[in-house]
Amino acid sequence: MQQVNRFQISLLDEAVTQAVAARLALLLPEQAVLFLQGPLGAGKTTFSRGLLQALGHQGAVKSPTYTLVEPYQLATRQIYHFDLYRLTDPEELEFIGGRDYFSDQAICLIEWPERGLGFLPEPDLVLELSYHAAADEPVRILSIHGQSELGRSIVTTMSAHEER
Ligand SMILES: Nc1ncnc2c1ncn2[C@@H]1O[C@H](COP(=O)(O)OP(=O)(O)O)[C@@H](O)[C@H]1O
Ligand SMILES: [Mg+2]
C-alpha cells in the first residue's frame, strides 16, 4: 500500500469528530505524541475527549487549561492530555515535570504545542483543526499529518478507510 502522510476530513458535527477520534484511538500504540493545533473553539478538546472515551475513559474530560496537564490511567493506556494555552514560557514545562511525561510509555495529546516548542518531543501526528465561516454554520476541517513512521502508517490506514 502506498504511504500517505496527510489527509483531510470534514467534521460535519460533533458526532463525526468523536467518531474520527475513536477510529484514530484504536490505531494508537502505547506510546505516541499528538499535536492538536487550531484556534480556540476549533474542537481540540472535543477531539481529545472522543479519543479518551474510545479508549475506555468514562466521565468528564475537562480542558486542562489551568493545570496544563491531566493524566488518565486507562485499562490499557496511560494518557497525558496537555493544554499549553496559558504557558507563557516553554521552560515552565520543566517545572511541571514535562520530561517525565514524555519519557513514559504514554500517549501525549498536546493542545497548543506552539507554546511549548523546544521542550516538546517530535510529534508522530499533527492534527490541525480549522473552521471556516459558511452561510449559517461554520465548516470544520481536520487535517492530519503523519510526521513519523508510526504517524504515516496511521494516516495511510485512516485515509484508506475514509475513501471507502
Ligand atoms: N464538528 C464539531 N467538532 C467539534 N466541536 C464542535 C463541532 N461542532 C460544534 N462544536 C462545538 O465547538 C466547541 C469546540 O470546543 P473545544 O473542543 O473546547 O475547542 P478547543 O479545545 O479547540 O478550544 C464545543 O463547544 C463543541 O460543542
Ligand atoms: Mg481546548
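Just follow the structure's listing: the first ligand is 1, and inside any ligand the first atom is 1.
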Taking atom types as modelled and ignoring hydrogens, do the side chains of Thr88 and Glu92 form a donor-acceptor contact shorter than 3.5 angstrom?
yes
Distance-only donor-acceptor check, side chains Asp104 and Tyr80, under 3.5 Å
yes
Which of the atoms in ligand 1, numbered in the order shown and given with their element, are less than 4.0 Å from a heavy-atom of [X]?
X: Leu40; result: 23 (O)
X: Pro39; result: 22 (O)
X: Lys44; result: 17 (O), 19 (O), 20 (P), 21 (O), 22 (O), 23 (O)
X: Asp13; result: 1 (N), 2 (C)

For [atom], the protein heavy atom that lies nearest, with its residue and separation:
atom: atom 4 (C) of ligand 1; value: Thr17 OG1, 3.5 Å
atom: atom 17 (O) of ligand 1; value: Thr46 OG1, 2.6 Å
atom: atom 18 (O) of ligand 1; value: Thr45 CB, 3.6 Å
atom: atom 19 (O) of ligand 1; value: Gly43 N, 3.1 Å
atom: atom 14 (C) of ligand 1; value: Gly41 O, 3.4 Å

[X], [atom1]: over 12 other non-hydrogen atoms inside 6.0 angstrom:
X: Glu122; atom1: CD; answer: no
X: Glu114; atom1: CD; answer: yes
X: Glu91; atom1: CD; answer: no

Hey, could you give me the [atom1]/[atom2] distance between [X] and [Y], rounded to the nearest 0.5 Å?
X: Gln73; Y: Ile79; atom1: CD; atom2: CD1; result: 9.5 Å
X: His145; Y: Arg152; atom1: NE2; atom2: CZ; result: 13.5 Å
X: His57; Y: Leu55; atom1: NE2; atom2: CG; result: 11.0 Å
X: Leu150; Y: Leu28; atom1: CG; atom2: CG; result: 7.5 Å

Does Thr45 put an N, O or S atom under 2.8 Å from the Mg ion (ligand 2)?
yes
Any non-hydrogen protein atom less than 4.0 Å away from atom 25 (O) of ligand 1
no
State yes or no: are the ring centers of Phe82 and Tyr101 separated by less than 6.0 Å?
yes
Is it the side chain (CB and beyond), the backbone, both or neither of Glu14 that lies under 4.0 Å from ligand 1, heavy atoms counted?
both
Is the contact between Glu111 and ligand 1 made by the side chain, the backbone, both, or neither, using heavy atoms and a 4.0 Å cut-off?
side chain
Run the side chain to side chain contact (heavy atoms under 4.5 Å, CB included) test on Met158 and Leu27 for me, step by step, so that the C-alpha distance in whole Å, both residues' side-chain angles and the decisive distance to 0.1 Å come before the verdict.
CA-CA 9 Å; Met158 286 188 82; Leu27 297 172; 3.5 Å; yes
From Gln37, Arg140, Arg49 - option closest to atom 8 (N) of ligand 1 by heavy atom
Arg140
Proximal heteroatom of Glu111 relative to the Mg ion (ligand 2) (N/O/S):
OE1
For ligand 1, is there an N or O atom under 3.5 Å from any N or O atom of Leu11?
yes
For Gly38 and ligand 1, answer yes if some heavy atom of the residue is under 4.0 Å from a ligand atom, otherwise no.
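The answer is no: ligand 1 sits nowhere under 4.0 Å from a heavy atom of Gly38.
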